[in-house]
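The next block holds one structure in the form of structure tokens; read it before the comments.
Both backbone and side-chain heavy atoms feed into the values below; hydrogens, waters and symmetry mates do not. FYI, the numbering just counts along the sequence from 1.
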Amino acid sequence: MRYEQKMPRAKRAYLQTKSNVIGILAKAKLILKAGPKAYLAKKLDNRTDFPHQLAIAAIFKNETPYLKEWIEFHRLVGVTKFYLFDNESTDNPNTILAPYVEAGIVDLHRIKGKGRQLDAYYQAIDLAKDETKWLAVIDLDEFLLPIEKGKTVLDILEEQRRSALLVAWMVYGSDGHKTKPTGLVTENYRHHATDDFIADYKTIVNPRKVIQVKNPHYIRVIGKMTNERGKRLFQYPYSYWPEAVAAPKQRIRINHYYSKSWEEFRQKSLRGYADSSGKAEREARSLANFKDHDQNQVLDHYIDPYVAALKKKLE
């Protein structure tokens, strides 16, 4: 996480081109490894008729207090199916999820062990490929929000032929809360980073085109991957690369409530990271990590209409 580094335009263009070439070669290697039959099957699978147009895949652990708000918010923005993976929760998520499972809105799966995030995503992609046109792969502290007036998430996805859309994070801070406040996440945390704060993306994919879940942020696909402006991206634009620039997020974004209050951040830290285990497991989230994400510079109101509708829904 950082701000754009100053460098000559030619150098930035060179580094970005270099990363694109690396991305193209990595993708070609995966295609060759899979073989022509597997490649053609994905390339030629252009089905458009599915029970669901937009679904979400997510893994969670001990996040029951946030489940209902997160599900109902995403139903408001057009999500009709959720593939959820419970990673050994001890706070009884069934109290919230049972009605959604019964209604067919949530497919709930249990997944055991550390570092199972990518396994869950591969399973979700396999489940989704015959059921939904688009699959957003996000977490429970991330809220997919259309920004452009008059446009839905699906409107933006369908504007051009593509296999994946990278949606930028808007990082939200603690809003000065030390302990967990009552009420909704979307109502309590209203301040976020400035537009030039370099953050990560998450991916919305055509699940039939997936060739690799590289990491929780980046899914390689057969076909075109773009940002919200329609610019083609051949490699994930990692925030820590020297040539990194702030992502566009004027049309669609993910509100990332990374830290919330200090109390909630510490609880999150105890859960560990879902994408690593054993020797590869990263250190617990630290005070420095909290401060890095505690971005409270800007108050905006894009989410307000959804919060009003969400409160009515939850009541």
Side-chain angles (χ1 to χ4, degrees), residues 1 56-77 79 82 84 89 91 93 96 117 136-147 153 167-195 197-204 216-217 239 247 249 252-275 284-311 313-314:
M1 298 291 185
I56 286 178
I59 186 171
F60 67 91
K61 182 175 183 176
N62 292 339
E63 298 182 76
T64 295
Y66 307 107
L67 277 168
K68 191 166 187 178
E69 177 186 2
W70 184 83
I71 290 172
E72 291 298 343
F73 173 86
H74 284 105
R75 293 182 72 190
L76 288 172
V77 300
V79 177
F82 299 82
L84 300 186
S89 293
D91 61 353
I96 300 298
Q117 189 168 20
V137 182
I138 63 175
D139 294 328
L140 262 76
D141 58 1
E142 298 169 342
F143 288 67
L144 183 61
L145 179 66
I147 298 296
V153 176
V167 184
W169 272 353
M170 180 61 84
V171 176
Y172 277 70
S174 67
D175 240 77
H177 294 292
K178 302 298 182 185
T179 58
K180 184 180 184 296
T182 58
L184 303 180
V185 170
T186 48
E187 190 173 32
N188 289 325
Y189 301 101
R190 308 303 301 275
H191 289 81
H192 59 65
T194 54
D195 280 345
F197 183 78
I198 297 176
D200 276 301
Y201 301 76
K202 284 297 181 73
T203 316
I204 305 178
H217 299 273
S239 60
K249 40 191 173 287
I252 184 173
R253 73 187 191 206
I254 288 172
N255 283 12
H256 188 203
Y257 301 97
Y258 182 93
S259 57
K260 303 187 184 76
S261 67
W262 171 248
E263 177 187 22
E264 291 165 284
F265 177 81
R266 293 303 300 157
Q267 291 172 347
K268 177 179 181 176
S269 179
L270 293 173
R271 293 198 299 267
Y273 290 90
D275 63 333
R285 296 172 175 93
S286 63
L287 177 60
N289 189 258
F290 175 81
K291 289 180 177 179
D292 186 36
H293 293 85
D294 191 17
Q295 300 291 321
N296 300 285
Q297 292 89 338
V298 179
L299 170 68
D300 78 45
H301 299 281
Y302 286 115
I303 204 168
D304 287 5
Y306 295 98
V307 172
L310 181 59
K311 291 175 77 173
K313 187 80 174 176
L314 294 174

Quiz item: For L184, does its backbone N or O pair with a side-chain atom of E69 as donor and acceptor, under 3.5 Å?
Solution: no

Practice problem: Give the minimum heavy-atom separation between S259 and H293, together with the two atoms involved. | Solution: OG-O, 4.1 Å

Quiz item: Going through the checks in order, is the side chain to side chain contact (heavy atoms under 4.5 Å, CB included) test met by E264 and Y189?
Solution: CA-CA 12 Å; E264 291 165 284; Y189 301 101; 2.5 Å; yes

Quiz prompt | Backbone of L140 reached by a side-chain donor or acceptor of E63 within 3.5 Å | solution = no

Quiz item: Would a distance-only check, ignoring hydrogens and angles, find a side-chain to backbone donor-acceptor pair under 3.5 Å from S261 to S174?
Solution: no

Quiz item: Under a 4.5 Å cut-off applied to non-hydrogen side-chain atoms, are P93 and L67 in contact?
Solution: yes

Exercise. Measure the spacing between CD1 of I198 and OG of S239 and express it to the nearest 0.5 Å.
Key: 7.5 Å

Quiz prompt | Flag side-chain contact, heavy atom, 4.5 Å: N62 against Q267 | solution = no

Quiz item: For the side chain of N296 and the backbone of D294, is there at least one donor-acceptor N/O pair under 3.5 Å apart?
Solution: yes

Quiz item: Under a 4.5 Å cut-off applied to non-hydrogen side-chain atoms, are D141 and K260 in contact?
Solution: yes

Quiz prompt | Between CD1 on residue I71 and NZ on residue K313, distance to nearest 0.5 Å | solution = 12.0 Å

Quiz item: Would you call Y302 and M170 a side-chain contact if the rule is heavy atoms closer than 4.5 Å?
Solution: no

Exercise. Could you tell me the separation between the NZ atom of K249 and the OH atom of Y201, rounded to the nearest 0.5 Å?
Key: 7.5 Å

Practice problem: Search all heavy atoms of P146 against all heavy atoms of V77 and return the closest pair with its distance. | Solution: CD-CG1, 3.9 Å

Quiz item: Does the side chain of D300 pick up a donor-acceptor pair with the side chain of H192 at under 3.5 Å?
Solution: yes

Quiz item: Given L145, which of I303, T186, V167 fulfils the side chain to side chain contact (heavy atoms under 4.5 Å, CB included) condition?
Solution: I303

Practice problem: Side-chain contact test, heavy atoms from C-beta onward, threshold under 4.5 Å: evaluate it for K61 versus D91 and give yes or no. | Solution: no

Quiz item: Is a side-chain donor or acceptor of N188 paired with a backbone partner of T182 at a separation under 3.5 angstrom?
Solution: yes

Practice problem: For this output row, return yes or no: ring centroids of W70 and F73 closer than 6.0 angstrom. | Solution: no

Quiz item: Stepwise, does the side chain to side chain contact (heavy atoms under 4.5 Å, CB included) test hold for I204 with L144?
Solution: CA-CA 10 Å; I204 305 178; L144 183 61; 4.0 Å; yes

Quiz item: Would you say the side chain of H74 lies within less than 4.5 Å of the side chain of I138, judging by non-hydrogen atoms?
Solution: yes

Exercise. Using the side chain to side chain contact (heavy atoms under 4.5 Å, CB included) rule, take Y258 and F290 through it: C-alpha gap first, then chi angles, then the decisive distance, then the call.
Key: CA-CA 9 Å; Y258 182 93; F290 175 81; over 6 Å; no

Quiz item: Does K311 NZ have over 12 foreign heavy atoms under 6.0 Å away?
Solution: no

Self-check item: Exercise: identify the closest heavy-atom pair between V171 and A199
Solution: CG2-CB, 3.8 Å

Exercise. Output, in order, the C-alpha distance, side-chain angles, deciding distance and verdict of side chain to side chain contact (heavy atoms under 4.5 Å, CB included) for V137 and H217.
Key: CA-CA 8 Å; V137 182; H217 299 273; over 6 Å; no

Quiz prompt | Heavy-atom donor-acceptor pair, W169 side chain to E142 backbone, under 3.5 Å | solution = no

Practice problem: Please work out which of the three classes, parallel, tilted or perpendicular, describes the rings of Y172 and Y257, given edges at 30° and 60°. | Solution: tilted

